[in-house]
Amino acid sequence: MNSATLLRSFSKRLISMMRVYHGEFSLSTPRRFGTMPFVEEKLSMRMSQLFSKTLREAPAGADNKGYEYLLRAGFIRQLGAGIFSLLPLGYSSVKNIEQIIREEMDAIGGQEILMPVVNPADIWKETGRFYSIDREMSRFQDRVGRDMVLAMTHEEVVTDIARFEIDSYKRMPQLVYQIQTKWRDDPRPRAGLIRVREFTMKDSYSFDTDQAGLDKQYAAHYLAYFKIFGRTGLSTIVVGADSGMMGGKISHEYMYLSPIGEDTIITCDACSYTANRQVAAFRKEYFAEEMKELEKVHTPECPTIEALAEYLKISTKLTAKAVFMVGTFIDDTNGEEEQRLVVGVIRGDLEIEENKLQNAAKANALRSAHSEEILAAGIVPGYGSVIGIRQDKILVIADDSVAKSNNLVAGANEEGYHYLNSNFARDWNGTVADIASAQSGYACSECGGTLKSSKGVEVGNIFQLGTRYSESMDCYYQDENGIQKPVIMGSYGIGVGRLLACLAEEYHDELGLNLPITVAPYQVHLVSLVKDAEIAEKIYRTLIDAGITVLYDDRKESAGVKFADADLIGLPIRITLGNRSLKEGKVEVKVRSNPDEQLSFDLATLVDKMRVLIKRLENQITDSMHLEEWKPEK
RNA sequence: CGGGGCGUAGCCUAGUGGCUAUGGCGCCUGCUUUGGGAGCAGGAUAUCGAAGGUUCGAGUCCUUUCGCCCCGACCA
């Protein structure tokens with residue numbers, strides 16, 4: 001496997017260069033190896049020999065077009081929920097993507113490695129993630145009963161390696177990366193390749209002696225990711241993100257904006273502010289005024305904020321609502337679990353962002369509380385607040401909207417009653433944090449502009465891990481003064497299959513796929529409609545020898561079938577061999593992305609024309625590439 | 001994990017307790033055809049997801065179970 005990976009990394013560019021300069025690389029006569037038909041060129045293929053077939057109808061369950069076409073064109077096949085095989089066409093595209101990734105990772109000093117998918121659980125116990133990650137991580141025992149896990153990421157393994165390899169400041173900075181399978185037992189795989197359980201990820205890990213070094217590596221990735229996505233033809237935006245289970249502080253996600261995405265992205269229409277809704281901030285108004293006396297009032301049939309505001313004829317902005325959750329708190333060192341009621345209090349006109357609440361509560365997991373659990377704390381659902389409630393067993397998180405506003409209406413923990421003029425600090429207490437969910441139309445926290453929300457797919461992320469892993473796993477180095485210090489780490493991921501899925505979603509029309517030339521499995525689809533196979537074979541040969549990758553439709557099929565399959569697979573350039581034009585020494589050429597463009601090339605100059613066309617299509621991708629840089633905040 | 005839906009040939013699908021399980025695509029054979037999923041003739045392929053039950057009789061009803069999909073919870 002290793003050698004195959006290595007072989008692959010001798011890019012096709014290199015091979016084609018060799019072919020151009022050394023005539024002996026071209027094979028003029030077909031050969032046979034054993035009983036298998038000889039495939040004359042790995043980077044080209046005959047349709048008659050292609051392993052996969054195309055499907056006329058979409059298999060049930062293909063609910064988005066990109067996924068449907070990947071299935072119908074024979075790029076991928078599903079094995080189980082969230083588990084897919086890559087067939088030759090799909091794998092070829094994936095290899096093209098991986099090659100781009102390798103080139104850009106190498107360019108920022110990355111060294112490729114390969115780490116095991118099966119890990120002894122010990123290292124995961126060291127960081128505590130063996131305990132803090134729920135069933136998303138699959139575990140098993142080996143034959144002698146040792147705990148093992150299937151790696152869902154590789155911080156533990158890479159830190160284990162680094163604590164051996166890196167012992168001195170002289171051995172840093174370092175950057176390693178791998179392109180490796182990950183297994184995450186997602187409770188709900190969906191949307192084809194977008195959200196799967198087994199997937200290929202490029203993950204890289206940086207090691208530095210100080211924050212400045214980490215910033216440098218982070219900035220390098222920040223830009224390299226734009227180059228990677230740009231070269232595949234996928235336009236992404238970068239958003240501020242939550243570091244979630246990774247630990248660490250600064251992180252960004254690369255988002256492909258699309259309605260099929262599951263992440264909600266908040267962007268400002270006036271400035272460059274973008275963030276995942278999980279962490280997005282916005283400008284709140286506060287209603288500070290002189291505190292008035294707490295007063296209990298009868299509010300029959302007002303279990304909701306809307307009903308309450310209606311009944312009291314006040315704005316929801318003058319109410320405080322409490323949201324009851326149950327948090328799971330796991331001790332990282334031994335896995336002991338504790339459940340506590342978490343009460344999020346927010347002004348009635350705002351919504352709670354659960355991710356923010358979970359972070360503020362420092363909980364490992366959060367779920368809605370059942371009414372019995374709420375009642376057990378002495379709180380009456382529908383008329384609940386934490387006023388007059390013992391707070392030793394519950395965790396109260398107050399959004400700053402309630403903490404900085406006065407005289408709000410809050411529940412009195414009695415059916416049909418509320419308090420007027422409740423005030424934070426005077427009547428109740430809690431940890432103050434921003435736990436409000438940013439919504440479309442709210443004011444930008446940076447510039448006051450209007451926020452907008454859109455859907456996106458996360459195709460990459462970058463994290464500043466800091467010393468979260470080096471400290472817990474004892475990955476220390478000696479500095480210039482002989483002092484032991486924890487290595488400062490970063491981790492950076494790209495979902496390879498998800499990237500292909502996004503490209504399929506972005507690049508298709510009603511006939512099929514239309515992947516960018518940098519990613520398409522082959523550059524040219526050679527469709528032969530002539531009886532005389534000899535001339536077609538010769539052209540196929542010529543193209544291969546020129547280093548152009550070709551899918552050659554040599555099947556005994558009707559023209560309609562061949563065209564339909566060519567459209568479905570959607571290679572960037574289609575060369576059609578027809579009797580009429582061939583008689584004049586010409587072939588017809590169509591560009592998949594531009595159906596109106598009908599070209600006719602002389603056979604004699606075909607190769608040159610192809611090279612120009614390929615170059616043009618490649619340039620189209622790189623010319624529209626959008627790059628951004630990142631600088632650490634002062 | 002909660003709610004819903006679906007499992008019938010490689011794919012899509014008909015079937016509403018009653019005879020030998022429907023049709024299309026695909027597949028195989030022969031002939032014909034070769035510029036947009038062609039035509040004619042013939043053919044193969046289904047333990048109706050699995051197990052149990054009700055019934056004279058079950059693809060169809062009931063129970064259990066497995067799998068897949070959708071919504072939600074969940075999600076680096």
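Just so we're clear, the structure is a prediction, and the values are computed from it rather than from any experiment. Just so you know, these numbers use all the heavy atoms, side chains as well, and skip hydrogens, waters and symmetry mates. In the text below, chain A, chain B and the rest are named by the order of the sequence lines, each starting its count at 1.
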Taking atom [atom2] of [N] as reference, at what distance in whole Å does atom [atom1] of [X] sit?
X	N	atom1	atom2	answer
A/E353	B/A73	CD	C1'	14 Å
A/Q78	B/C69	CD	C1'	9 Å
A/I83	B/G67	CD1	P	11 Å
A/K53	B/G37	NZ	C1'	14 Å
A/L357	B/C74	CG	P	11 Å
A/K562	B/U34	NZ	C1'	9 Å
A/R197	B/C75	CZ	P	17 Å
A/R367	B/C75	CZ	C1'	18 Å

| said: Strictly distance-based, threshold 3.5 Å: is any side-chain N or O of A/Y205 a donor or acceptor partner for the main-chain N or O of A/T159? | reply: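 Answer holds: no.
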| query | Between A/E98 (side chain) and A/V496 (backbone), is there a donor-acceptor pair under 3.5 Å? | reply |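 Judged by distance alone, no pair lies under 3.5 Å.
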Assess whether one donor atom and one acceptor atom, taken from the side chain of [X] and the base of [N], lie less than 3.5 Å apart.
X	N	answer
A/E557	B/G37	no
A/R188	B/C70	no
A/D565	B/G37	yes

Whole-Å [atom1] distance, [N] and [M]:
N	M	atom1	value
B/G72	B/U65	P	26 Å
B/G49	B/C11	P	13 Å
B/C70	B/U45	C1'	32 Å
B/A46	B/U22	P	13 Å
B/A50	B/U8	C1'	14 Å
B/C40	B/G18	C1'	38 Å
B/G24	B/A41	P	12 Å
B/U60	B/C6	C1'	15 Å

How are the rings of [X] and [Y] set relative to one another: parallel (under 30°), tilted (30 to 60°) or perpendicular (over 60°)?
X	Y	answer
A/F229	A/Y254	tilted
A/H252	A/Y218	tilted
A/Y540	A/Y552	tilted

From the list [options], which nucleotide is the closest neighbour of the side chain of [X]?
X	options	answer
A/E588	B/C11, B/G36, B/G35	B/G35
A/R195	B/G35, B/A73, B/C12	B/A73
A/E57	B/G37, B/G24, B/C74	B/G24
A/R56	B/C68, B/C25, B/G24	B/C25
A/A81	B/G35, B/C68, B/G37	B/C68
A/R580	B/G35, B/G26, B/G36	B/G35
A/F563	B/G37, B/A73, B/G35	B/G35
A/T576	B/G37, B/G35, B/C74	B/G35

How is [X] classified with respect to the nucleic acid when contacts are heavy atoms under 4.0 Å: base, sugar-phosphate, or nothing?
X	answer
A/R574	base
A/A566	nothing
A/P59	sugar-phosphate
A/L529	base
A/R555	nothing
A/S528	nothing
A/G578	base
A/L366	sugar-phosphate

Could you tell me which nucleotide pairs with [N] by Watson-Crick or G-U wobble geometry, both distances under 3.5 Å, or answer none if nothing does?
N	result
B/C1	B/G72
B/C61	B/G53
B/C27	B/G43
B/U20	none

| said: Heavy-atom nearest nucleotide on RNA chain B for A/V561 versus A/L79: which residue maps closer to 5'? | reply: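 This one resolves to A/V561.
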| message | Nearest heavy atom decides the nucleotide; on that basis, is A/Q358 or A/F84 closer to the 5' end of RNA chain B? | response |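 The 5'-side residue here is A/F84.
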Between [Y] and [X], is the closest basic N to carboxylate O distance under 4.0 Å?
X	Y	value
A/R592	A/D509	yes
A/R197	A/D186	no
A/R195	A/E458	no

| query | Is A/Q278 near enough to B/C75 that one of its side-chain N or O atoms lies under 4.0 angstrom from OP1 or OP2? | reply |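 Checking A/Q278 against B/C75: no side-chain N or O falls below 4.0 Å of OP1 or OP2.
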| Are OP1 or OP2 of B/G72 and a side-chain N or O of A/R190 less than 4.0 angstrom apart? |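 True: A/R190 side-chain N/O within range (under 4.0 Å) of B/G72 OP1/OP2.
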| field | Distance-only donor-acceptor check, side chains A/Q217 and A/D208, under 3.5 Å | value |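 On atom types as modelled, these side chains qualify, holding a pair under 3.5 Å.
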